[in-house]
S.K.: 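The structure is given below, and queries will be raised subsequently.
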Amino acid sequence: MLKSDKMSPQLPKQFNHKEIEPKIYKMWEEKGLFMATRDPKKIPYTIVLPPPNASGRMHTGNVLMVAIEDLLIRWKRMKGYSALWLPGTDHAGFETQVTYERELKKQGKSRFDFDRETLYNNIWEFVQQNKGIIEDQLKKMGASVDWSRYTFTLDPHVIKTVHATFKKMHDDGLIYRDNYIVNFSPKDGTTFADLEVKTEERNDPFYYVRYPLLDRKDGEVEFVVCATVRPEPIFIDTHLAVNPSDESKKWLIGRQVSNPLTGATMNIIADSFVDPAFGTGVVKLTPAHDKNDFDVARRHNLPILTAIDMRGKVLNIPEAGELAGLYVTKARKKAVEILQAKGFIEKIDEKYVHGVSVSYKGGDIEPMVLPNWFVKVETLKKPALDAVLNGDITIYPKWREVTYTQWMEEMRDWPISRQVVWGIRIPVWYSAKENPELVVSFLSADGKVLNGTLGDLLKDHNFAEIKNGLQTLIAPKNAKYVISSEDPKLSDSTAEDFLPETDTFDTWFSSGQWPLVTLHYPDSEDFNYFYPTSVLETGWEIIRFWVSRMIMFGIYLTGKSPFKDVYLHGIVKALDGKKMSKSLGNVINPEEYQEQYGTDALRMGLISGTANGKDFAFPKDKVIAFRNFANKLWNMTRFMFMLEESSGVVVPEYSDVVLARGNDADRKIVGELHKLVGEIDTELEKYRFGEAGDKIYHFMWDSLAASYIEHIKDRQDKDVALSIFRYVFKNCLKLLHPFMPFVTEELWGYMKSDDEAELVVNEWPQV
RNA sequence: GGGCUCAUAGCUCAGUUGGUUAGAGCGCUGCAUUCACAUUGCAGAGGUCUCAGGUUCGAGUCCUGAUGGGCCCACCA
């Protein structure tokens, strides 16, 4: 194809990313170039996009993630794979509900003003309004995702699959109900996942409480002393504990003391969790309100008795005495008064500083024992661990592997219930007739929030009113239930009345099935062709929560690991090298850089900043350097057209014949290019993105621009030199395209002949 | 307490299985501008690779220890 019969294009002096990027993305999208086909002659290459929060915005970590995944996908697509990048967004249950409730608060309302269904629908609307933001941002980033295969975690087919998985696990005996100690915040009125709980340093008095020793022998102390910051639930305590290897306390094991508040008899047990060096080396056990104590109680089969209710008040029971009905802080004061009056306070350390659990909304956590749905992980975790150990799955970088293996070894049963509305409801229904002891909270017909057991409430309210106004429900551990997505009454009108479980699944329960649901498991052609996926790319901080669950679900449901490789990128820190945080005011908004320097520069800068999965400071210098690089490419092209025009030569299509007419410089640059192609492939196979990027950068700038172009200026046979330049440059555009898709595609448009495909779907250079 | 990770140029970092004069980007110094790009070009300065031992013909790279950062997990009765 000869170019001389056309006017050479007149390029502006600089690469204008703001103008060109949207134009290019639109072209890709309209031509459907990201759509993957199930071509039996091709090898599939699949990546699932870790779904960002549907109502959120992209942060720097998301940008890095998109840059890396798009690089991999574009590279493999050009190499001839059937490359599919599956997009989607996550409902982000808790996070979104909190955001929505903040909006409600501005309107002077709260979630208690709505029944469950209305609240859900309102949040749905809220999310729909904001959903476009993240999709726009993905497009601006140049993400070559297949939009025709977009999934939202609350799509009907996702819910269907998640429900089916729950049912199957239940049938396989992997789901059970049990009471479990959860992070409950009386102030926020809900439980929080461990992730959502932060520890806050606080100064509280540390009380050394005397427990009178029973059956005291000669020479023995009168009191066993135990230090605590919270004496108020002592009235319910039944046991103290010491460390069995603590010689000075050994004699206490099996002995009894009397409860300093109630006078009831308490036993002293041994458990190695007790730190002999801390406090007095004696621990009081309050299993219903302390995670450790709960675990100890489980191990030793101790009673788990509740002292505090969900409003944060001491229970109104006889044992509570004067404390009954008081809020925790008041009850604590009262308890201290009583103990002091009895002479049971040995001393008070006023300067004690300790960690207190606080929800990230700010409410104090009152650990509580509530019924929960659990996944039994014993049989699931072994194959998931083995998949990594035996090499079915390779984790990059290698040193992160231990994070995974340790977690899988230690993994305990997984509580999957969350008391938030925004999520996939656990598909369980409770018969009203069989479960009068259900604790129900509902919005009555006249707009009041009422609580109580179902049996009691039905005395004054009819069932329809309760069901329509239902907010939350707590079913005792042994409640009778049926598993069904729909109200069982819908399929059998003669059936009894049912109330739905109001708990939703932990988001990791649904996102753990992401590789499956995005491919429409179990019975779709996509699933048959594209599963297992090729590489799972994400930040290392969610390896435990997400990666481990996907591997477990994938193997459990399909018998195959859901992906072959896991690439874990590092966290992008602020310019000062510290973790980005709102309070430090060092959060980087990637859009500012994108706006100023262009998407290509932002992508390449980030990718070049890390290649080994380590955390790294936002590489501002590199972003600027690659903005300059984009402009360099632009001007290389511009200059080539000017030379072609001014020299007036006919530039022949590159071939071995042309090269044979050339000189040593020609052969050298072509040779270097061919070597480069091999090197790029090698680096990318090893996920060494930064190295690969640097090599193209230096070849194009140093060898091609600084050296070869200067050389062309002196050439008499400009036709040969320009032909070789075109050949080398076009191949460089290909190599660079996965890194900097916009500028390369735009320049390709000027360089390509009419019968050549767009760069995004063009062929990767071969040596 | 357990685990991971880092320490290389003024700054941010690369350096893959140990192999000749240790690299990049930015910054810095000097020079250059009608003739693609100042988002440019040319030239240059700048490092006893944290410290102490060890293995080796050979160590920035491997081993041991120390010091100082960062992160994760557990715990704080």
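The sequence lines fix the lettering, A, B, ..., with proteins before strands; numbering per chain opens at 1.
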S.K.: Take nucleotides 32-38 of chain B nucleotide by nucleotide from the 5' end and write B, S or -, depending on whether a protein heavy atom sits under 4.0 Å from the base, only from the sugar-phosphate, or from neither.
M.R.: ----BB-
S.K.: Given B:C26, B:G15, B:U39, which nucleotide is nearest the side-chain atoms of A:Arg627?
M.R.: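 The answer is B:U39.
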S.K.: Regarding A:Val274, tell me which of base, sugar-phosphate or nothing describes its non-hydrogen contacts under 4.0 Å with the strands shown.
M.R.: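 If one applies the 4.0 Å heavy-atom cut-off, A:Val274 turns out to touch a base.
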S.K.: Would the A:Phe618 and A:Tyr593 ring centres measure less than 6.0 Å apart?
M.R.: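 When the ring centroids of A:Phe618 and A:Tyr593 are compared, they turn out to be within the sub-6.0 Å range.
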S.K.: Does A:Lys686 contact B:U16 through a side-chain donor or acceptor facing the base, at a distance under 3.5 Å?
M.R.: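 When only heavy-atom distances are counted, A:Lys686 does reach the base of B:U16 through a donor-acceptor pair under 3.5 Å.
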S.K.: Between A:Tyr207 and B:A77, does any side-chain N or O lie under 4.0 Å from OP1 or OP2?
M.R.: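 No, outside the criterion.
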S.K.: B:C13, B:G15, B:C71: which one has an atom nearest the side-chain heavy atoms of A:Ala617?
M.R.: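 When the side chain of A:Ala617 is considered, B:C13 is the closest of B:C13, B:G15, B:C71.
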S.K.: Taking salt bridge (charged side-chain N to carboxylate O under 4.0 Å, His left out) as the test, write out the residues that go with A:Lys18, two or more places apart.
M.R.: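 Per chain and number, A:Lys18 pairs via salt bridge (charged side-chain N to carboxylate O under 4.0 Å, His left out) with A:Glu595.
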S.K.: Give me the distances for all protein-to-nucleotides 2-4 of chain B N/O pairs that come in under 3.5 Å?
M.R.:
none

S.K.: From the list B:C26, B:C73, B:A77, which nucleotide is the closest neighbour of the side chain of A:Asp621?
M.R.: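 Looking only at side-chain atoms, A:Asp621 lies closest to B:C26.
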S.K.: Identify the residue among A:Lys334, A:Arg332, A:Lys284 that makes a salt bridge (Lys or Arg N to Asp or Glu O under 4.0 Å) with A:Glu232.
M.R.: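 The option that passes is A:Arg332.
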S.K.: Which residue in the set A:Phe742, A:Trp634, A:Phe626 passes ring-ring contact (aromatic ring centres under 6.0 Å, His included) when paired with A:Phe15?
M.R.: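 Of the listed residues A:Phe742, A:Trp634, A:Phe626, the ring-ring contact (aromatic ring centres under 6.0 Å, His included) partner of A:Phe15 is A:Trp634.
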S.K.: A:Trp540 near the nucleic acid: base, sugar-phosphate alone, or nothing, with a heavy-atom cut-off under 4.0 Å?
M.R.: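 Answer is sugar-phosphate: A:Trp540 comes under 4.0 Å of backbone atoms only.
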S.K.: Once you apply a heavy-atom cut-off of 4.0 Å, does A:Tyr208 come out as touching a base, just sugar-phosphate, or nothing?
M.R.: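 Counting heavy atoms under 4.0 Å across all strands, no contact is made by A:Tyr208.
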S.K.: Kindly write out the residues that satisfy salt bridge (charged side-chain N to carboxylate O under 4.0 Å, His left out) with A:Lys675, not counting sequence neighbours, or none if the list is empty.
M.R.: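 Partners of A:Lys675 under the salt bridge (charged side-chain N to carboxylate O under 4.0 Å, His left out) test: A:Glu679.
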S.K.: Taking ring pair (Phe, Tyr, Trp, His ring centres under 6.0 Å) as the cut-off, I'd like each qualifying pair that reaches into residues 234-261 of chain A, sequence neighbours left out, listed once.
M.R.: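 Residue pairs with at least one partner in residues 234-261 of chain A: there are none.
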S.K.: Looking only at side-chain atoms of A:Asp275, point me to the closest of B:A77, B:G25, B:C71.
M.R.: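 For A:Asp275, the side-chain atoms sit closest to B:A77.
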S.K.: Tell me which nucleotide among B:A14, B:C42, B:G25 gets nearest to the side chain of A:Ala706.
M.R.: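 Out of B:A14, B:C42, B:G25, the nucleotide with an atom closest to A:Ala706's side chain is B:C42.
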S.K.: Identify which nucleotide among B:G70, B:A77, B:G25 has an atom closest to any side-chain atom of A:His354, counting heavy atoms from C-beta outward.
M.R.: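 It is B:A77.
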S.K.: Check every strand shown and say whether A:Arg230 touches a base, only sugar-phosphate, or nothing at a heavy-atom separation below 4.0 Å.
M.R.: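 Nothing: the residue A:Arg230, judged by heavy atoms under 4.0 Å, touches no strand.
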S.K.: Do A:Arg544's NZ or CZ and the ring of A:Trp508 fall within the cation-pi criteria of under 6.0 Å and 45°?
M.R.: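 No, cation not above the ring by the 6.0 Å, 45° rule.
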S.K.: Over all strands shown, is A:Phe278 touching base, sugar-phosphate only, or nothing at heavy-atom distances under 4.0 angstrom?
M.R.: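 Base contact.
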S.K.: Would you mind telling me which of B:C71, B:A77, B:G70 lies closest to the side-chain atoms of A:Lys579?
M.R.: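 The answer is B:C71, which lies nearest to the side chain.
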S.K.: In terms of side-chain heavy atoms of A:Tyr352, which of B:C76, B:U39, B:G25 is nearest?
M.R.: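 Between B:C76, B:U39, B:G25, the one nearest the side chain of A:Tyr352 would be B:C76.
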S.K.: Closer than 4.0 Å, any side-chain N/O of A:His698 to the OP1 or OP2 of B:A24?
M.R.: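 For B:A24, neither OP1 nor OP2 has a side-chain N or O of A:His698 closer than 4.0 Å.
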S.K.: For RNA chain B, list all stems, counting runs of three or more consecutive pairs where every pair is Watson-Crick or G-U wobble with both distances under 3.5 Å.
M.R.: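 So the stems come out as B:1-7 with B:67-73, B:10-13 with B:23-26, B:28-32 with B:40-44, B:50-54 with B:62-66.
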S.K.: Any donor-acceptor pair under 3.5 Å linking the side-chain atoms of A:Asn631 with those of A:Gln14?
M.R.: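 Per modelled atom types, A:Gln14 and A:Asn631 side chains form no pair under 3.5 Å.
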